[in-house]
Amino acid sequence: MAKKVRTRQHPLGLLLAPKRRLIRPESLGLPKRVAGRPGPKAEGLTQSHMDILLERAQRTYNRFERGQLPHPPEDFLVKVGQLLELTPDEYTMMWLYARGHRPTHPLAPPAGLHSPELWQQACEGMRHMMYVTDLAWNTVAHNTAFADMFIGGKAPKNTARWMLLTEEGRTTLMDWETTWAPSLSAQLKAAMAEHPDNLDLRQIDADVRADPVAGPIYQSDSKPSIAPDGVVRRLRHPLYGPGLAKMVAATPIASPGSRLIIVMFKPEAPSPATPDAILAATPKAT
């Protein structure tokens, strides 16, 4: 008698099947499972249950877990992640197995920055200006070097509003009308396109459009920009005077839409108060 060869389970099945078995059908409005034969009690959602909940044709989910559903729709993956209550890491792995890239849609509407207290500690350990915002550009973490960039030494609650709508921002950010404002406008429009339902962004968008100075720039055509990564711009520091600001940007992995910005500032004429000047003036030990 020929020996039956066991089919190797697809990584999607290995990842998702155990999650299905943890969810009771009755918790989602489906009939309670009843064992059809003697043995262990049937538990969890079946693949047929998933078809019903996902509103898909029969055996669609079966094909998905077996890796036989080519290029599954993005909304399908989001719904699977929500139904099975996947963690962020599990959700990312599902996308990688199913589509070969990281999620383009968050598992849930972002509520803010993940672990802001840790990002605050990270900011405090940075010599250069560093700050972190949520997807609506609300400041959630920053260091003292960043706060020093503002008159009064206090960072703004929302960086988009400060940069686009305040006179202080337009003065501090040199060449504001020709360099800063067009780029910031493009970034804000990109954020709006990605998160059109975010109330904070929608209000900022409305306020910028209505502003007599920023509005015309915002509503004109501008070169696409998503983040100030690798750019160099002029900046008038309230303590150190005018100089060049070199910026790098990143996104905290667990907080889609959040922005981490590091600003490396070099005054045009070093002031006695700058860290570099203080270091250079310190006598060397002999």
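In what follows, every heavy atom counts, from backbone to side chain, and hydrogens, waters and symmetry copies are set aside. The chain is numbered in sequence order, starting from 1. All values derive from a computational prediction rather than experimental measurement.
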Using 30° and 60° as the class boundaries, would you call the ring planes of F76 and Y61 parallel, tilted or perpendicular? tilted
If two hydrophobic side chains count as joined below 4.5 Å and joins carry through other members, does M174 share a cluster with W176? no
Say whether R66 and Q47, considering side chains only, have a donor N or O and an acceptor N or O under 3.5 Å apart. no
Is there side-chain contact between P103 and Y91, with heavy atoms separated by less than 4.5 Å? yes
Check: S220 side chain, I217 main-chain N or O, donor-acceptor pair, under 3.5 Å: yes
Is atom CD of E55 surrounded by more than 12 heavy atoms (other residues, nucleotides or ligands) closer than 6.0 Å? no
One pair to check against side-chain contact (heavy atoms from CB on, under 4.5 Å): L53 and L30. What are the steps and the verdict? CA-CA 9 Å; L53 294 168; L30 297 171; 4.0 Å; yes
Answer whether the closest heavy-atom distance between the side chains of M149 and L235 falls below 4.5 Å. yes
Quick one: sort the W162 and F150 rings into parallel, tilted or perpendicular, breaks at 30° and 60°. perpendicular
Salt bridge flag under 4.0 Å for residues D207 and R161: yes
Quick check against the 3.5 Å criterion: does S183 have a side-chain atom that pairs as donor or acceptor with the backbone of T179? no
For E43, does its backbone N or O pair with a side-chain atom of R33 as donor and acceptor, under 3.5 Å? yes
Verdict with reasoning, N143 to R127, per side-chain contact (heavy atoms from CB on, under 4.5 Å): CA-CA 9 Å; N143 60 5; R127 172 194 172 197; over 6 Å; no
Would a distance-only check, ignoring hydrogens and angles, find a side-chain to backbone donor-acceptor pair under 3.5 Å from T92 to R102? no
L15 vs Y97, side-chain contact (heavy atoms from CB on, under 4.5 Å): CA-CA, chis, key distance, verdict: CA-CA 10 Å; L15 173 68; Y97 290 143; 4.3 Å; yes
Counting only heavy atoms not in D75, do more than 12 fall under 6.0 Å of its CG? yes
Taking everything shown except K246 itself, do over 12 heavy atoms lie less than 6.0 Å from its NZ? no
In the single-linkage hydrophobic clustering (I, L, V, M, F, W, Y; side-chain heavy atoms under 4.5 Å), do M247 and L244 co-cluster? no
Decide yes or no for L45 and L83: does some side-chain heavy atom of the first lie under 4.5 Å from some side-chain heavy atom of the second? no
Measure across V132 and C123 and return the closest heavy-atom pair with its distance rounded to 0.1 Å. CG2-SG, 4.0 Å
Assess, by modelled atom type and distance only, whether the side chains of R259 and T159 contain a donor and an acceptor separated by less than 3.5 Å. no
Hey, does the side chain of N158 reach the backbone of A136 with a donor-acceptor pair shorter than 3.5 angstrom? yes
Assigning hydrophobic clusters by single linkage (Ile, Leu, Val, Met, Phe, Trp, Tyr; side-chain heavy-atom cutoff under 4.5 Å), is L96 placed with L86? yes
Would you indicate whether the side-chain heavy atoms of L84 and R20 approach each other to under 4.5 Å? yes
Expected output: side-chain R236 to main-chain T171 donor-acceptor under 3.5 Å: yes
CD (E177) with more than 12 external heavy atoms under 6.0 Å: no
Are more than 12 heavy atoms, taken from residues, nucleotides or ligands other than Q68, located less than 6.0 Å from that residue's CD atom? yes
Sub-3.5 Å donor-acceptor pair from the side chain of Q120 to the main-chain atoms of H142, do we have one? yes
Test item: P228 and Q187 side chains (from C-beta on) under 4.5 Å apart, heavy atoms: yes
Linked, directly or transitively: M94 and L14 (ILVMFWY side chains, under 4.5 Å): no
Could you tell me if E117 and Q121 have a donor-acceptor pair between their side chains, going purely by distance under 3.5 Å? no
Is the number of heavy atoms from other residues, nucleotides or ligands within 6.0 Å of CZ (R209) greater than 12? yes
Y218 side chain reached by D211 side chain, heavy atoms, under 4.5 Å: no
Would you say L28 and V78 are hydrophobically clustered, going by side-chain heavy atoms of ILVMFWY under 4.5 Å? yes
Can you establish whether the number of heavy atoms outside I226 located under 6.0 Å from its atom CD1 is more than 12? no
So do P72 and R56 actually touch side chain to side chain, heavy atoms under 4.5 Å? no
When you measure from the side chain of R170 to the backbone N and O of M163, does any donor-acceptor pair fall under 3.5 Å? no
Spacing of CZ belonging to R59 relative to CG belonging to D51, to within rounding of 0.5 Å: 9.0 Å
